[in-house]
Amino acid sequence: MVDHMQTSAGQAPQYESSNGGRNKLAVEDRAFHDWYRFVLSYPAHLVREYLMEFCMSEKDVVLDPFCGTGTTVVESKLQGIQSIGLEANRFAQFAGNVKVDWAVNAEVLRDRAESIASNAALRLKNQGIPDSAQDSEIKRTVLQSLPEEQFPLILKNSINPTALHKSLVLLSEIDRYNGQTVHKYFRLAFANALVFKISNLRFGPEVGIGKPRSHVAVIDEWLVEVEKMCGDLRQIDPTAYPFATVKLVDSRDISTALDGTKISAVITSPPYPNEKDYTRTTRLESVLLGFVKDRADLRSMKKTLLRSNTRGVYREDDDDKFVEHIAKVQSIAEQIEAKRIELGKTSGFERMYPRLTKLYFGGMARHLKDLQSVLKPGAMLAYVVGDQASYLRVMIRTGQILEQIGVDLGYEKVRIDNFRTRYSTATKDWLNEEVVVLRWPG
Ligand SMILES: C[S@@+](CC[C@H](N)C(=O)[O-])C[C@H]1O[C@@H](n2cnc3c(N)ncnc32)[C@H](O)[C@@H]1O
């Protein structure tokens, strides 16, 4: 059971008293959201609650600076409110951007998709690899794979060789439409089918490898996704909905990214200091669709992300200087280091935990400072963040620290809402997922 927590006056959204289903996308919210939704997404109803609480109207622009696959922008658009998303993961930015562009004709989409499907099916048949054949019937020697520099980037066994071959054939047929309006929808439908229906990936919430699929009809799975898009598009008149976009931007550096647009509210969920590599979640589709070409390319993208795991920390990083004066952050870093010594842990990763923690909060401080230049006076902010104990079980109350950093930068504290709570058997403590609500006085 979770209590609703209010730290000061304000009309808070009402939450269920249990966690059941709190983070799930409601069935009635699937339209557009479900074109591609990664495991890190929060639900549409959460966005709706804060749009209502912040009294957003068609005159306002809502910002999600850590946009993921676009829940905030899709939901804002559905509610008739303009929005901008910022995202540093190239595939996620692509996905969010396609999800808010509804200016495509469903019948054209369907027609072109059928033509792609029949061309791909014919090619596979001629190669002796019909889409319907069982994997055991296929000779592996004839299979196409990824280039040498790309193959090691995907998680081992994340896709069967036959499914990979068939996916690459389908993708090459899709790419014949490069430069045409329909192309990006087909690519997103491909990504969705690839990750959730074709690959061996499972999410729970970490990305891992599940039982290998012995056979999957790749083209049919893709067509189902395209048809889902067509169904959603047929329900709406695209001219009746406001503008929304998602830009590829490092949100620690956003002052010039919005071309002068002023923001009335921020609704977002940044990464947490939890050792999660946010590029792994989208690795397979990023590689196949060409968003990550090789290791150097992956590294250059990782450098634009907030530091939230030790594999994504670089020598020249210096975001920690933004929290040198925040006692709570310094004290957590010291506690982690003391624990490391006490436990006799000596690996390079473990030695890096204190620095990572400072870099994470420093990056968030840098973001919150830079954000001020694009906010309207009176702008309201909702940041969904989770407590963490990933670093030698030292408790990091992320929401409370973030609130303190915000207040230090001149934001007004409104309250912290409790979104979800889970019990950590490792720390024998409750970990909160909270919504830190702040106001920018201007
Ligand atoms: C928890 S997810 C957001 C999920 C999102 N609320 C949704 O519903 O899909 C955090 C996102 O922040 C992105 N991110 C991390 N560092 C960033 C940065 N410096 N600038 C922009 N986006 C960043 C990650 O790539 C990830 O997609």
Side-chain angles (χ1 to χ4, degrees), residues 8-14 28-29 31-33 41-87 93 96-104 232-233 235-249 251 253-270 367-384 406 409-415 417 435-442:
S8 71
Q11 192 58 48
Q14 292 304 301
E28 62 274 19
D29 283 334
F32 301 99
H33 286 287
S41 295
Y42 53 31
H45 63 81
L46 180 86
V47 175
R48 233 167 15 239
E49 285 161 4
Y50 286 94
L51 288 174
M52 272 173 65
E53 190 207 332
F54 297 161
C55 301
M56 291 293 103
S57 73
E58 67 279 3
K59 293 192 287 294
D60 295 302
V61 183
V62 170
L63 177 74
D64 185 343
F66 302 97
C67 179
T69 52
T71 312
T72 302
V73 283
V74 171
E75 192 54 29
S76 297
K77 187 164 173 127
L78 285 166
Q79 300 300 321
I81 298 154
Q82 304 170 74
S83 61
I84 301 175
L86 307 176
E87 173 57 53
Q93 183 261 340
N97 223 1
V98 178
K99 285 169 71 177
V100 291
D101 187 351
W102 304 343
V104 61
D232 293 345
L233 289 163
Q235 303 298 317
I236 54 110
D237 166 8
T239 61
Y241 291 88
F243 168 83
T245 190
V246 181
K247 300 177 176 221
L248 187 66
V249 171
S251 280
D253 219 351
I254 56 180
S255 52
T256 56
L258 300 193
D259 306 322
T261 305
K262 291 289 177 190
I263 300 300
S264 303
V266 175
I267 303 174
T268 194
S269 170
H367 156 71
L368 284 168
K369 172 125 194 54
D370 210 46
L371 180 69
Q372 294 172 350
S373 63
V374 300
L375 295 178
K376 278 186 181 169
M380 297 297 294
L381 284 65
Y383 279 69
V384 181
L409 288 167
Y411 291 91
E412 289 169 6
K413 162 171 159 173
V414 178
R415 52 167 208 277
D417 295 330
V435 189
V436 179
V437 185
L438 298 167
R439 181 178 178 276
W440 173 238

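For the single chain, residues carry numbers from 1 onward in sequence order.
With values rounded to the nearest 0.5 angstrom, T261 atom OG1 is found 7.5 Å from F243 atom CZ. The CG atom of L258 lies 6.0 Å from the CG atom of L86; values are rounded to the nearest 0.5 Å. Between the CG atom of L368 and the CH2 atom of W440 there is a distance of 10.5 Å, given to the nearest 0.5 Å.
The side chain to side chain donor-acceptor pair (under 3.5 Å) pairs that include a residue from residues 73-86 are H33-E75, R48-E75, E75-Q79, where partners are two or more places apart or lie in different chains. Residue pairs meeting the ring pair (Phe, Tyr, Trp, His ring centres under 6.0 Å) criterion with at least one member in residues 59-79, sequence neighbours excluded, are F66-H367.
Between L46 and V384 there is a side-chain heavy-atom pair separated by less than 4.5 Å. Taking 4.5 Å as the limit, every side-chain heavy atom of I84 sits out of range of all side-chain heavy atoms of V73. Side-chain contact between Y50 and V435 is present, with at least one heavy-atom pair separated by less than 4.5 Å. Looking at I267 and L51, their side chains come closer than 4.5 Å, going by heavy atoms from C-beta outward. Using a 4.5 Å cut-off on side-chain heavy atoms (C-beta onward), V266 and L375 make contact. Put simply, the side chain of Y383 reaches to within 4.5 Å of the side chain of L381, judged on heavy atoms. By the 4.5 Å heavy-atom criterion applied to side chains, S264 and M56 are counted as neighbours. Using a 4.5 Å heavy-atom cutoff, the side chains of I81 and E58 are not in contact.
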L371/V374 under side chain to side chain contact (heavy atoms under 4.5 Å, CB included): CA gap, chis, key distance, verdict: CA-CA 6 Å; L371 180 69; V374 300; 4.0 Å; yes
Going through the checks in order, is the salt bridge (charged side-chain N to carboxylate O under 4.0 Å, His left out) test met by K99 and E87? CA-CA 14 Å; K99 285 169 71 177; E87 173 57 53; over 6 Å; no
Before giving the answer on side chain to side chain contact (heavy atoms under 4.5 Å, CB included), spell out for N97 and T245 the whole-Å C-alpha distance, their side-chain angles and the decisive distance to 0.1 Å. CA-CA 6 Å; N97 223 1; T245 190; 3.5 Å; yes
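The minimum heavy-atom distance between G406 and L438, with the atom names listed, is CA-CD1, 4.3 Å. Across all their heavy atoms, G96 and V246 have their closest contact at C-CG2, 3.7 Å. Contact record, P238 with I236: CD-O, 3.6 Å, taken as the closest heavy-atom pair.
Evaluation of the side chain to side chain contact (heavy atoms under 4.5 Å, CB included) rule for D259 yields K247 as partners, not counting sequence neighbours. When the side chain to side chain contact (heavy atoms under 4.5 Å, CB included) test is applied to T256, no partner is found at least two apart in sequence or on another chain. The side chain to side chain contact (heavy atoms under 4.5 Å, CB included) test applied to D370 returns D253, I254, S255, not counting sequence neighbours. For E412, the side chain to side chain donor-acceptor pair (under 3.5 Å) test picks out R439, with sequence neighbours left out. Partners of T72 under the side chain to side chain donor-acceptor pair (under 3.5 Å) rule, at least two apart in sequence or in another chain, are Y42, D64. With sequence neighbours excluded, the residues forming a side chain to side chain contact (heavy atoms under 4.5 Å, CB included) with D232 are A31, F32, W35, listed by chain and number.
Listed for the K262 side chain is a donor-acceptor partner under 3.5 Å among the backbone atoms of S373.
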